[in-house]
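Along the sequence shown, the residues carry numbers beginning at 1.
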Amino acid sequence: MKLLEDLASKLGLKDPKYLLVIAGGVAAVGVLVLASSKTSGSSKPRKEKLALDSKEGLLQTLQELSNQQAQMRNQLKKLTDEVSGKSMSLSQVCKRCAEMQLSDPLEKYGMSAVEFNKVLAEYEDDPAVHEAIKTLMGSPPTGTAAVTEASSSLTPTKLLDIHKFMLAEYERLALQPDKGCTKASIITFAAQAIVAGKAEAAYQVSVEDIESAVLVHQGALSSSPEFSEINVKMQKAIAKLMGIPFSA
């Protein structure tokens, strides 16, 4: 699907299927809230009906997903602040996530991300749908990232260092045998909070600053073989966390 492949390329991702597994963190972080894609395209019995039989219905659904994503970003920020600086295991953070009652945005419709991707493929050349997906992926409404004093200090080299740090943390978490949960979306949300908290503490910048800097320097980063390699390895670690196969 060209639309998702283009976005994946801009964000330094090797496989576009991860775009609808990653939401709310550009290439810097990656809140996995559409983890229902798992290994197959099968879906659960529909609880509500998705209005995807028209472009208008799809745009409305994408807007709803964006709103839900914004809520989850707030929950992630709250959880990140809570675990930051604390010595909490992945199992402990997963239990805290369960208490927060996180939900998969597509779960109430009984639709997998794979099925949703198929619907998006029908509108791959539509500008309105393209913009709606960019919004879902965390792209700034104006198309230009907000630059803060902290984010302006993050050079491409520094962002590579931060990504290396986060990769090491994801790989460490992926190796933990006791994750305290079997639900992929909760495990990855918990891992995100842990990694984000440690990155913020180590580099004294917020996740939002990192995301903003990634957007500012996306040209330099997307052309960097090292950055691409880090992202592929990060995808592999995240896939291992989720318990799904990864094809390099």
Side-chain angles (χ1 to χ4, degrees), residues 1-76 101-145 183-186 188-189 192 211 214-215 218 222 231 235 238-239 242 244 247:
M1 178 182 177
K2 187 174 185 300
L3 186 154
L4 292 181
E5 288 173 351
D6 288 346
L7 288 174
S9 176
K10 289 179 180 178
L11 296 179
L13 300 176
K14 182 179 179 65
D15 195 332
K17 74 173 179 289
Y18 280 87
L19 278 174
L20 285 187
V21 183
I22 297 174
V26 196
V29 283
V31 185
L32 305 176
V33 295
L34 295 183
S36 61
S37 58
K38 276 270 184 177
T39 58
S40 71
S42 61
S43 60
K44 301 175 183 178
R46 279 169 170 69
K47 300 175 184 178
E48 296 183 28
K49 182 177 174 59
L50 264 177
L52 297 179
D53 53 352
S54 67
K55 172 183 170 181
E56 291 71 23
L58 176 59
L59 289 174
Q60 182 177 347
T61 299
L62 286 170
Q63 179 60 55
E64 181 182 347
L65 292 176
S66 294
N67 293 339
Q68 290 175 319
Q69 177 186 310
Q71 294 175 4
M72 294 195 75
R73 285 175 67 88
N74 290 334
Q75 289 177 305
L76 175 65
Q101 298 183 335
L102 303 175
S103 63
D104 186 322
L106 293 179
E107 186 175 5
K108 71 176 182 178
Y109 299 115
M111 174 174 274
S112 73
V114 172
E115 291 173 316
F116 193 59
N117 273 339
K118 291 179 181 178
V119 176
L120 292 178
E122 299 175 13
Y123 297 91
E124 63 178 347
D125 296 320
D126 189 282
V129 174
H130 195 284
E131 287 301 312
I133 293 177
K134 287 172 63 178
T135 299
L136 177 63
M137 291 304 304
S139 177
T142 61
T144 304
K183 190 172 183 179
S185 55
I186 289 182
T188 48
F189 196 89
Q192 172 59 39
E211 294 176 359
V214 167
L215 285 172
Q218 69 175 15
S222 63
N231 271 288
Q235 291 172 50
I238 290 171
M242 295 171 66
I244 63 176
S247 301

Q: To the nearest 0.5 angstrom, please state how far the CG atom of L65 sits from the CD atom of Q60.
A: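 L65 atom CG to Q60 atom CD measures 11.0 Å (nearest 0.5 Å).
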
Q. How many angstroms lie between atom CD1 of I238 and atom CD of Q192, to the nearest 0.5 angstrom?
A. 7.5 Å

Q: Compare all side-chain heavy atoms of H130 with those of Y123 and state whether any distance is below 4.5 angstrom.
A: no

Q: For Q235 and N231, test the side chains for any donor-to-acceptor distance below 3.5 angstrom and give the result as yes or no.
A: no

Q.
Under the criterion side chain to side chain donor-acceptor pair (under 3.5 Å), I'd like the reasoning laid out for Q63 against N67: C-alpha separation, chi angles, the key distance, then a yes or no.
A. CA-CA 6 Å; Q63 179 60 55; N67 293 339; 2.9 Å; yes

**Q.** Carboxylate-amine/guanidinium contact R73 E211, below 4.0 Å
**A.**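 Looking at R73 and E211, the cut-off is met.
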
Q. What are the two closest non-hydrogen atoms of L59 and A132, and how far apart are they?
A. CD2-CB, 4.0 Å

